Amino acid sequence: MADYTYRQGQYLAYIYLHGGRGHVEIALYFRFAGRLAVEKKKLIARTPGAPRSIRVLVPKDQLPELA
């Protein structure tokens, strides 16, 4: 099982289901900016300078259901 909190799991599931939206859109959905924690844990990757390039690095079967 991946090492993330419930909230971070929801964040990852959202990104996975909604195709790597921008950080601002995700932060608005969750009402917090959780990118730094999941990025530091190497749970997501992004291409610098490329909009909407967030990729989830956790296998789909290790992601929680989006609540």
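Just so we're clear, the structure is a prediction, and the values are computed from it rather than from any experiment.
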Minimum heavy-atom distance Pro64-Ala13, with the two atoms named: O-CB, 3.5 Å

Passing candidate, side-chain contact (heavy atoms from CB on, under 4.5 Å) with Tyr16, options Val58, Ile54, Leu63: Leu63

CD-CG distance between Gln62 and Asp3, expressed to the nearest 0.5 angstrom: 11.0 Å

Spacing of CG belonging to Leu12 relative to OH belonging to Tyr4, to within rounding of 0.5 Å: 6.5 Å

Connected via hydrophobic side-chain network under 4.5 Å: Leu57 and Ile15: no

Verify same cluster id: Leu43, Leu66 (apolar side-chain graph, 4.5 Å): yes

Non-hydrogen side-chain atoms of Ile44 and Arg55 separated by less than 4.5 Å: no

Gln10 (side chain) donor-acceptor with Glu65 (main chain) under 3.5 angstrom: yes

side-chain contact (heavy atoms from CB on, under 4.5 Å) involving Pro48 - partner list, sequence neighbours excluded: none

